[in-house]
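My questions will all concern the structure given below.
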Amino acid sequence: MIQTEGLTKRFNDFTAVNNLSIHVDEGEIYGFLGPNGAGKTTTIMMLLGMERPTAGRIRLFGTDLAQDYFAIKRRVGVLSEFHYLYEDMTAKEYLQFFAKLYEVEQPARKIDEVLHRVALYNRRNELLGGYSKGMKQKLSMARALVHDPDILFLDEPQSSLDPYGIREVRDIIMEENAKGKTLFISSHILSEIERTCHRVGIIHSGKLLAEDSMEHLKEQVTEEIEIIVELEDVSSAVVSGIEELDFVKQVDSSSSGLRIKADVGEDHRAQISKTIAETGGVVLSMQTKELSLEEAFVIITEQNLSLLTKEGQAS
Amino acid sequence: MSKLVQKFNTVGVITKREIKSTIGSLGIYAAASLAFLVANLFVRSNLRGVAENGLMVMANPLNYPLFIAVIIGATYLALTSTISVSRERDQGTLEVLFYGPVDSITYIAAKFLEQLVAFLGLIVVYIVGFFAISKLTNFGLDSSFFAMAALSILLAASTVAFGLLLSTITRSARTSVIVLLLLLTLFLASDVVAGVLNSMSAKDMSVTMVYVRVAVDMINKGLKWISPFAYLNRGIAAIGLESSKHLLSSIGASLLYTGVLLSLAVYLLNKRGVRR
Amino acid sequence: MTNRTCLILLLCLILVGAVAQAAPPERERQNVYGITPWTGKEYGGTFAPAGVDKIYLLADTDHVLNTLETEVYYWPITKEYMANWFESREIIDGKLKILQDGKEIALLERQPYAHLYPQGFYAGASELITGEDAKRKYEEYQNAVEDYWEMADEFRKTQAQYEREMTDILEEVMETGRTFDEHELPVPPKEPVPPIWYVTGVIESFIVNLPAGEYSIQTIDSSGNLVPDTEKKLKVFEGRRTGVAYQIIPESKWTRPEQSNDISQILYLEGERTMYMKAVHASEYNQHDYLRMTSLEKPLAGKGAESAYMWVHLDEVPDAKVQILEGGKIVQEISPKPYFVSQSPGYTLGYDIVDFDPDAPELQGREPSFEAMKLQIGPGSYQIRVVNGDGEVVKGSLREVRSINTVSAWQLYLLSAIPAVIGLIVVLRRRIIRRKLLGTTA
C-alpha cells in the first residue's frame, strides 16, 4: 500500500531524509518512530505529495503519486499533529466542506457517523473557534475519516487527548484496521504504538535504522534477558548453583530473591527452576522481564546505532 | 472520473467556500460603497460643471467615475488576494487543504476564480448603481460604458494574479499587505513624478534634470508592464479609440500577464510549500 | 563614496549641464526636404532635416516637396530643428523618385506652382495651383494689381482735380457769398478697390499626390545619382472617420466655446439655455501621423500618440441649418445669422450677444462678432442635426442634447451608502447567528 524506494530529501546542505525505503502492507498498522527532527514529518509530507523528494520514488496503492495525484489523495486520510481549522465554521459545516472536496457519497449520513465516532455529534453546530484542543483533534480525526480512506496517516493522533480520548482514538484505529484499512502512525506515545502497531520503522537523522515487527525488533536489540525469581529463602548454595550455569552472566541477590541476567536465545526458566530446587531453594514466582518498545527505541536510536547500521539498515 | 473533473470539483468546492466567506464579511460591501462615494465626487463635479457653464460637451460622463470605481474595486481585490494565501498558510489551513485532493494549480485556480466572481458581483452592483445614477442625473450610459465594465474583468484578473503572486512570495499576511502597499505607492509615485517631469518645459530644466526625466520615464514605462492597473488603462484607451486591433492587443496582453503571474504563483507555491 | 564627493559630483554635473545649455547650437549644412503639406484645412509648412527619416502626408491630395540645401541646427530649448532659410536656401537639381515595396512607381520632375488665396492672404485657406494655371493665375493677379495701381494713380489725379475745384468754389463763396446748387458742384471720384485675392510667386517644386500606403522617396540628380540624405520613408495616410463637428458658444460664457466632434459627445445642459453653433466638416486622423506631418522638424511631435486619434476641424458646412428633434420629430430649424457681442459699459464687465443689424445706429461701421445658428433649448432630451442647402441631413451630424436633473449631494451619497448598509445587515445577522451557535449545544 505504501512503498518508498531510496526516498531522499535535501534542503540545501542538510539531508532531512536519506535513502529511505519502507514498505507498508495492506491492512497493516505501521508505527513510524523517531526523535524530533529525525525526518518523520518530512517523510509524511513527501508521502502526501506536499514536499517534492530530491530523489527516490513513492508508490501509494502501487501507483506513483504524481501519476494519479487526485485519485490517490481521495483514498488517503490525514490527521496531523496540529489541528488547523476554519474557526468561522461549525463542525458540521467543516465536515460538509471536506465531504464535498472528497466527493463523499451520502455526505449527511457519513458526517453524522464520524461525528458520533469522535463523540462530537452533540456539538456539531458549535463554532470551531470555541472548541478545546482535544475537541479540535477529534474533529480533525473526523475530517480524516469522513471520506472513508483506505490509508490513514496519523501524526501524533493522541497527543492532546485525555485518557478517554486516547482510548477513543485507539478504538478508532483498531476499528479501521479491522475494516482492512492501512494505518501509518507517527507517535511519541510509544506505549500506544506498541499496543496498536503491527510493525514499526525507526528513523534517525533521516535514516531508517530499523523496520520490523515488535517481537523481532526487541530481539534484535536485546543482548541479555533479565529473570526475576522470588524465593522463600535465599541461600548461598542457591546463588552459587545459579552462578555455575553456563548461560548465566550475572546474579544479584536480595532478601526476597534473585535477579538473574542471562544470554538471550532459549527459555532458561526450567533450568533455573531445577537448579534452585536441587540447591534447596523454593521458587515462589519467576518472570522474565521483556524489553519495552521505549527501551528498544532508546537502544536503537542511541546506544546501538552503530551496531544496527553495520548489520544493515532497514533489514 | 477523469482527472479534469476531479480538478474542477476541487476548484469548485474551494471557490464556493471562499465566496461564501467573502459575502459574509463586510469588506466587499465597504469597497463598493467607497467606490460609489469616490465615483460620485466626480459625478458631482460634472453636474457642477454643467450648472456653472450652462453647457458641457461630454462623451461618457459616467465612464470616468466607473473607471475610478473599478480601480477601487480592483485595489480591494489586490489586497484580499495578497493576503489570501499567506493568511491561510499562517493559519495552517492551507496545509490541511493539501492533505486532500488539492494541488497548487487547483488551489491558485480556486483563489483566482473566487476573487474574479467577487469582482463580477461588484461589477453587477456597479452597473445597477450607475444605472441609478444615470436615471438620477440624466447622464447617459452608452455601449462604451458596458464595454469598459466588461473589460474591467480583465483588470480584475490581472490584479488578482498580481495579489496571488505576492501572497505566495511573502511569508505572512502582514508582510504581503506591506509589500503590496509599497508596490502600489511605487507605481503611483513613478507615474506622478514622470507626469510632472514630462509636463515641465525643457526651458526650465537643466541637462541633469533632462537626464533624470528620461530615466524616470524609462522606469515608469517599465513599471507599466508590471503594474496590473496599467492594463486597464490600455484597454480603456482602446475603447476610446474604437480600435478593435488595440482592444484585442490589450486583452491579449492582459491575459498573457495574468497567465504568467498565475503560473509564477503556482510555481512559487510549489517551491515555497504549504506548511507554516 | 562620501556625501561630500557625491555633492561635488552632482554640482559638476549641473555645471556641465548649464554650460552645455548655454553653448550656441552647432550649425550644419544639410540636404533637406522643404514640405508644404495639405493639412486638411490649409497648407502648412515644415521640413525634413537629415535626422528625420520618415515623412507623413495625407492621401489623395496635392502636397509640395522641395529638395533644398540649407543650414540646419537643433534648438534644444524648443526641441526642434531650425533651418536658416534667409541666409542659405539652395535648390538641389534633380528628380524625385517614389518607390513602393522597393519598386519605382513615379519619377517626378519639378513643376511650377503657386498658392492662390481667394479671400486674401490673411483670410481662409489657400488653393494650390500648378503648371500653366499657376503662371496664368499669377499673371492675372499681377495684371489686377497693375490695373489697381493705374486706377489708384488715376484716382489720385482725379481726386486732386476735384479738391482743386472744390477749393475754388469755396473761395468764391467766401468772397462773393454766392450759393451753388448741388448739380453745380463737382462729383467726387470713386476710390478703386485693391484686389482681395492673392497669388504667391510661381516657383518650381515636386507636387506629390499619392493614395494611402507606405512609400520611400529619394532625390536623383541629373547624373542619376542619389542625392545624399534625401532617401526617406514616406507614410501617406487618410482619415479614420469624417463627420460634422459643432463649435458651440454658450451664451453664458461666450469666451469658452465647447466642441462636439462626434456622435458620442453629448451636449449636457442645465435648465433653459441659449447657445450659438457652427457646423464644420471634420476628419479624424491618427494623432501621431498628423502631428508628424505638420511638425516634422520637431522630433518629439506626436511621440506617445501612436495609438491616439484627433479630430481636425475643416471648412464650415455650407448653407447649413440646424434641426432640433424631439421624440424623432423636427420641432425647429435654425439658419445661421450674424451676431454681435456687445460689452456692457461700467463696472459690470458683462456682455450681451445681440443680432447684428448693420443698419442699427450703434452698429454702424462694426463687423459681426461671429455668425452662427442660435439655439434656445429648454429642459428635456433632444437631438440636433445639420441639413445642407438641399435639405439633406449631413452624415455624422446627429447629436444628443440632454438636460441634467438637479441632484443634491445627499441623494448621491445615500446611494453610495447602500452597499455598506447591506453589508452591515449581512454581517450583523451572521454575527448574531454565530453568537448563538458559539457554545450552544444542539
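Letters A, B, ... mirror the listed sequences (proteins, then strands); counts begin at 1. It should be emphasised that the depicted structure is a prediction, and the values quoted were computed from it without experimental measurement.
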(message) Going by salt bridge (Lys or Arg N to Asp or Glu O under 4.0 Å), name the residues that satisfy it together with A:Arg59, two or more places apart in sequence or in a different chain.
(response) none
(request) Name the region of A:Phe82, side chain, backbone, both or neither, that has any atom closer than 4.5 Å to a heavy atom of chain B. (result) neither
(message) For A:Phe98, which atoms come within 4.5 Å of any heavy atom of chain B: side chain, backbone, both, or neither?
(response) side chain
(message) Tell me whether B:Phe131 at atom CZ has more than 12 heavy atoms from other residues, nucleotides or ligands lying less than 6.0 Å away.
(response) no
(request) Name, in order of residue number, those residues of residues 85-104 of chain B that have a heavy atom at a distance of less than 4.5 Å from a heavy atom in chain A; otherwise write 'none'. (result) B:Glu88, B:Gln91, B:Gly92, B:Thr93, B:Glu95, B:Val96, B:Leu97, B:Phe98, B:Tyr99, B:Gly100, B:Pro101, B:Val102, B:Asp103
(message) Could you measure the distance from the CZ atom of B:Arg17 to the CE atom of A:Met89? Nearest 0.5 Å is fine.
(response) 4.5 Å
(message) Quick check for you: to the nearest 0.5 Å, what is the distance between A:Lys73 atom NZ and B:Gln6 atom CD?
(response) 12.5 Å
(request) Taking all heavy atoms of B:Val274 and all of A:Met50, pick out the closest pair and write down the distance. (result) CG2-CE, 3.6 Å
(message) So which residue, A:Phe97, A:Phe70, A:Phe153, A:Tyr69, ends up with the most heavy-atom pairs under 4.5 Å with chain B?
(response) A:Phe70
(message) Just checking A:Glu26: does its CD atom have more than 12 heavy atoms from other residues, nucleotides or ligands closer to it than 6.0 angstrom?
(response) no
(request) Please look at A:Ile72 and chain B and tell me whether the side chain, the backbone, both or neither of the residue comes under 4.5 angstrom of a heavy atom of that chain. (result) neither
(request) Tell me, out of A:Leu48, A:Asp88, A:Leu101, who's got the most heavy-atom pairs with chain B below 4.5 Å. (result) A:Leu101
(request) Output all residues satisfying salt bridge (Lys or Arg N to Asp or Glu O under 4.0 Å) with A:Asp112, sequence neighbours left out; order by chain, then residue number. (result) none
(message) For the backbone of A:Tyr102 and the side chain of B:Asn9, can you confirm whether one donor and one acceptor N or O come within less than 3.5 Å of each other?
(response) no
If you look only at distance, which donor and acceptor atoms sit under 3.5 Å apart when one is on a side chain in residues 183-190 of chain B and the other is two or more places apart or in another chain?
from, atom 1, to, atom 2, distance (Å)
B:Thr185, OG1, B:Leu181, O, 2.6
B:Ser190, OG, B:Asn220, OD1, 2.5

(message) Rounded to the nearest 0.5 Å, what separates atom OG1 in B:Thr10 from atom CD in A:Glu103?
(response) 7.5 Å
(request) Using a cut-off of 6.0 Å, state whether more than 12 heavy atoms not belonging to A:Lys179 lie near its atom NZ. (result) yes
(message) For B:Met218, is the CE atom crowded, meaning more than 12 foreign heavy atoms sit under 6.0 Å from it?
(response) no
